[in-house]
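First the structure, which I've put down as structure tokens, then a few questions once you've had a look.
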Amino acid sequence: MAAPVSLLLEFGGGAELLFDGIKRHQVTLPNQSNPWDIRQLLVWIRDNLLKERPELFIQGDTVRPGILVLVNDADWELMGELDYQLQDKDNIVFISTLHGG
């Protein structure tokens, strides 16, 4: 069984507005039979943190185009994207690059 995982989740570039304007969330993901990955984290975020308009953050089983995801300051595309297995103390950052004009 996978142990609980403590993460720092950060939201910026306007994405924080979907989370009651709170930019930093220290969270602990519960035990589960398989290791946590970002795909499962997105479901957890949707169910536990997201306060409004999920369509502006999630599209299908991934983040919406225009949201940059960093894992410990590295582009998630270099880390395996949705399949990256989360490690205790990881810092996951979501930055919206879409802005109104």
Side-chain angles (χ1 to χ4, degrees):
M1 176 170 276
V5 178
S6 293
L7 304 173
L8 176 60
L9 304 177
E10 297 184 71
F11 303 92
E16 69 276 8
L17 299 174
L18 303 174
F19 298 88
D20 275 349
I22 300 170
K23 290 188 175 198
R24 297 169 60 97
H25 298 259
Q26 186 70 48
V27 303
T28 300
L29 303 176
N31 287 337
Q32 65 175 27
S33 56
N34 296 318
W36 282 91
D37 59 26
I38 292 186
R39 179 178 284 108
Q40 296 162 332
L41 173 64
L42 291 175
V43 172
W44 187 91
I45 288 172
R46 183 195 67 213
D47 293 346
N48 294 280
L49 293 180
L50 193 58
K51 300 299 181 189
E52 59 182 87
R53 304 199 54 195
E55 71 277 5
L56 295 181
F57 186 72
I58 294 177
Q59 185 173 17
D61 69 346
T62 190
V63 292
R64 183 174 176 201
I67 294 182
L68 175 65
V69 182
L70 302 175
V71 176
N72 301 323
D73 296 323
D75 189 328
W76 78 322
E77 291 178 0
L78 303 173
M79 309 296 284
E81 296 184 354
L82 294 170
D83 295 323
Y84 171 75
Q85 288 191 355
L86 298 167
Q87 306 297 313
D88 197 45
K89 309 292 187 222
D90 275 348
N91 182 17
I92 313 295
V93 180
F94 300 90
I95 301 170
S96 176
T97 62
L98 303 174
H99 304 283

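From a predicted model like this one, the values you see are computed outputs, not experimental measurements.
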Path from V69 to L18 over hydrophobic side-chain contacts below 4.5 Å: yes
For R64 against L56, the heavy-atom pair lying closest together: NH1-CD2, 3.0 Å
Where Q40 and P35 come nearest, the two heavy atoms and their spacing: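 It is OE1-O, 3.2 Å.
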Between CH2 on residue W44 and CG on residue L50, distance to nearest 0.5 Å: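 It comes to 11.5 Å.
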Side chain T28, main chain S6, donor-acceptor under 3.5 Å: no
Separation of I92 CD1 from L8 CG (nearest 0.5 Å):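 One finds 9.0 Å between CG of L8 and CD1 of I92.
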R24/E10 ion pair, N-O < 4.0 Å: yes
Main-chain N/O of P4 paired to W36 side chain as donor or acceptor, under 3.5 Å: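 No; judged by distance alone, with no hydrogens or angles, the pair does not exist.
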CG-CD distance between L42 and Q59, expressed to the nearest 0.5 angstrom: 12.5 Å
Donor-acceptor under 3.5 Å (Q32 side chain, P30 main chain): no
Flag side-chain contact, heavy atom, 4.5 Å: H25 against F11: yes
Closest heavy-atom pair and its distance - R39, D83: NH1-OD1, 2.8 Å
Closest heavy-atom pair and its distance - V71, W76: CG2-CB, 4.0 Å
Where L86 and D37 come nearest, the two heavy atoms and their spacing: CD1-O, 3.8 Å
Hphob cluster co-occupancy, L82 + L41, side-chain heavy atoms under 4.5 angstrom: yes
Backbone of V5 reached by a side-chain donor or acceptor of D88 within 3.5 Å: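 Side chain of D88 to backbone of V5: no pair is present.
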L29 CG to L7 CG distance, which is reported to the nearest 0.5 Å: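 L29 atom CG to L7 atom CG measures 5.0 Å (nearest 0.5 Å).
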Under 3.5 Å donor-acceptor, D20 side chain and I22 backbone: no
Intermediate values then yes/no, side chain to side chain contact (heavy atoms under 4.5 Å, CB included), F94 and I45: CA-CA 12 Å; F94 300 90; I45 288 172; 3.9 Å; yes
Minimum side-chain heavy-atom gap L49-V27 below 4.5 Å: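 Yes, their side chains come closer than 4.5 Å.
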Distance, nearest 0.5 Å, that separates CG of L17 from NZ of K23: 9.0 Å
Cluster check I58, Y84: I/L/V/M/F/W/Y, side chain < 4.5 angstrom: yes
D73, CG atom: more than 12 neighbouring heavy atoms under 6.0 Å: no
Nearest-0.5 Å distance that lies between atom CE in M79 and atom CD1 in I38: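 So the CE of M79 and the CD1 of I38 are separated by 8.0 Å.
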Over all atoms of both residues, closest heavy-atom pair of Q87 and D90: N-OD2, 2.8 Å
